[in-house]
There are 2 protein chains.
Amino acid sequence: MRVSTQFPIAVHIMLMVAGFPEQKMTSEVVAESAGVNPVIIRNVFSKLNNAGLLDTKSGRGKTAIMRPADEITLWDIYTAVESDETDEVFKLHQNTSETCVVGSNIHALLLPHLTDAVNAVKAEFSKVTLQCLIDELYKKINP
Amino acid sequence: MRVSTQFPIAVHIMLMVAGFPEQKMTSEVVAESAGVNPVIIRNVFSKLNNAGLLDTKSGRGKTAIMRPADEITLWDIYTAVESDETDEVFKLHQNTSETCVVGSNIHALLLPHLTDAVNAVKAEFSKVTLQCLIDELYKKINP
DNA sequence: CAATCCGTAACTATTGACATTACAGAAATT
DNA sequence: AATTTCTGTAATGTCAATAGTTACGGATTG
């Protein structure tokens, strides 16, 4: 199992925008903090925008979240940048034999259990809101 | 999130060996059914062997499971072929800024929640035994 | 001893992720 | 309206991980 870095980067963006609303968060500023190329940030900007989580505007970096931070969960952010389809999360081996009993049934056999696993992650990530993370961050700054 | 095909292949192997104990399951036979190269099967053989799930023997393909099928879970098979470490499952962005508040705290902030997600998958996979899958397979053959 | 088959190394091919450059177009400032 | 700033996106290059393939030593069986 391996998740691309786009997910943590997306969380990073949301944290910076929501946690410090008075500051101008351009792709370059966030890129500096995240240690990645600004274009990567802009790509994630775009995905978060399409998902209705982030309001990005060309011009003067008027970036802002579109919902209250306690109405945005980790799962919202996850699905904004990555697929939640079971067969994208778990890569099955194709070209299985159609004549073998196992080969012709393995996919249908595994799929429901893999979907259960994805739903378990969904349930876990849905518990955590952006506001939780902001609170935890402030706690780390001012213990 | 993306899991390598080694996990479903490992399940495929275990199903064939445990579901049809009277038949000789060499790497070539399984490779034919799974539609992959025999060496891939032998590599997974080796990992399942090291994990104490499969007894593979050079010579005449005397492959057999080492524990009863109802004492082997999907999680056992998963950990035999893939890492369950949070930071291997979820790939974090390195090179974050040490001077930025978010950059210097994002890893510590995310880690517990990512670990929760991994544990949720673990709990789900631990519910499903190899015997469950065999039963479901037989149901598909003889409905 | 001979045949079979696992375990593993070495090499290649392919795929996906990320970095980088470049530029069109939108928004705000003047 | 012109200028500046910044997003959105395409094109290209680079690198790492995965899978395919060949090869061979060594273990086991008969």
Side-chain angles (χ1 to χ4, degrees), chain A residues 1-10 12-13 16-17 23-32 34-51 53-64 66 80-83 87-96, chain B residues 1-10 12-13 16-17 23-32 34-51 53-66 80-83 85 87-96:
Chain A
M1 203 146 45
R2 162 136 327 165
V3 182
S4 99
T5 58
Q6 285 212 1
F7 171 50
I9 288 173
H12 197 127
I13 291 171
M16 288 190 76
V17 173
Q23 294 199 13
K24 194 170 75 172
M25 292 299 174
T26 70
S27 60
E28 293 217 3
V29 173
V30 180
E32 171 63 28
V36 299
N37 194 281
V39 178
I40 305 293
I41 301 296
R42 292 207 284 272
N43 283 333
V44 181
F45 267 6
S46 177
K47 289 186 182 180
L48 291 170
N49 197 340
N50 291 335
L53 299 180
L54 201 64
D55 187 28
T56 54
K57 286 234 174 60
S58 302
R60 286 291 186 285
K62 291 282 174 54
T63 311
M66 293 188 74
V81 293
E82 292 205 38
S83 168
D87 53 5
E88 301 242 356
V89 176
F90 292 91
K91 201 167 140 202
L92 296 173
H93 53 309
Q94 307 306 124
N95 313 329
T96 53
Chain B
M1 202 149 41
R2 164 139 320 170
V3 182
S4 99
T5 59
Q6 285 211 3
F7 171 50
I9 288 174
H12 197 127
I13 292 172
M16 288 190 76
V17 173
Q23 295 200 14
K24 193 169 76 171
M25 293 298 173
T26 68
S27 60
E28 293 218 2
V29 173
V30 181
E32 170 63 27
V36 299
N37 195 280
V39 178
I40 304 293
I41 301 296
R42 291 208 283 272
N43 283 333
V44 180
F45 268 5
S46 177
K47 289 186 182 179
L48 291 170
N49 197 339
N50 290 335
L53 299 180
L54 201 63
D55 188 28
T56 54
K57 284 236 174 58
S58 302
R60 285 293 184 283
K62 292 280 174 54
T63 312
I65 56 175
M66 294 189 73
V81 294
E82 293 205 39
S83 168
E85 299 287 325
D87 53 5
E88 301 241 355
V89 176
F90 292 91
K91 202 167 140 205
L92 296 173
H93 53 308
Q94 308 306 123
N95 310 330
T96 53

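Throughout, a chain's letter reflects where its sequence line sits, starting with A, and its residues are numbered from 1. Because the structure is a prediction, the values reported are computed rather than measured. Only this structure's heavy atoms are used, side chains among them; waters, hydrogens and symmetry mates stay out.
The NE2-C1' distance, from His93(B) to dA17(C), rounds to 15 Å in whole Å. Rounded to a whole Å, the CG atom of Leu54(B) is 11 Å from the C1' atom of dC6(C). Following rounding to the nearest Å, Gln6(A) (CD) and dG16(C) (P) show an atom-to-atom distance of 15 Å. When the C1' atom of dC6(D) is taken as reference, atom CG of Asn49(A) falls 13 Å away, rounded to whole Å.
Taking the six-membered ring for Trp and thresholds of 30 and 60 degrees, Phe7(B) and Phe90(A) have ring planes inclined between 30 and 60 degrees apart.
Residue-level contact check: Lys24(A) touches the backbone only, with heavy atoms under 4.0 Å from sugar-phosphate atoms and none from bases. Asn43(B) comes within contact range of at least one nucleobase, with a heavy-atom separation under 4.0 Å.
Panel note: side chain Thr63(B), backbone Met25(B); a donor-acceptor pair is recorded below 3.5 Å.
Against DNA chain C, the stretch residues 34-42 of chain B makes heavy-atom approaches under 4.0 Å through Val39(B), Arg42(B).
Looking at Asn43(A), Asp55(A), Leu53(A) one by one, the single match for side chain to side chain contact (heavy atoms under 4.5 Å, CB included) with Leu48(A) turns out to be Leu53(A).
Regarding contacts with the backbone of dT18(D), every side-chain N or O of Thr5(B) stays at 4.0 angstrom or more from both OP1 and OP2.
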Sort me out a list of protein N/O and nucleotides 28-30 of chain D N/O pairs below 3.5 Å, or just none if empty.
unit_1	atom_1	unit_2	atom_2	d
dT28(D)	O4'	Ser58(B)	O	2.9

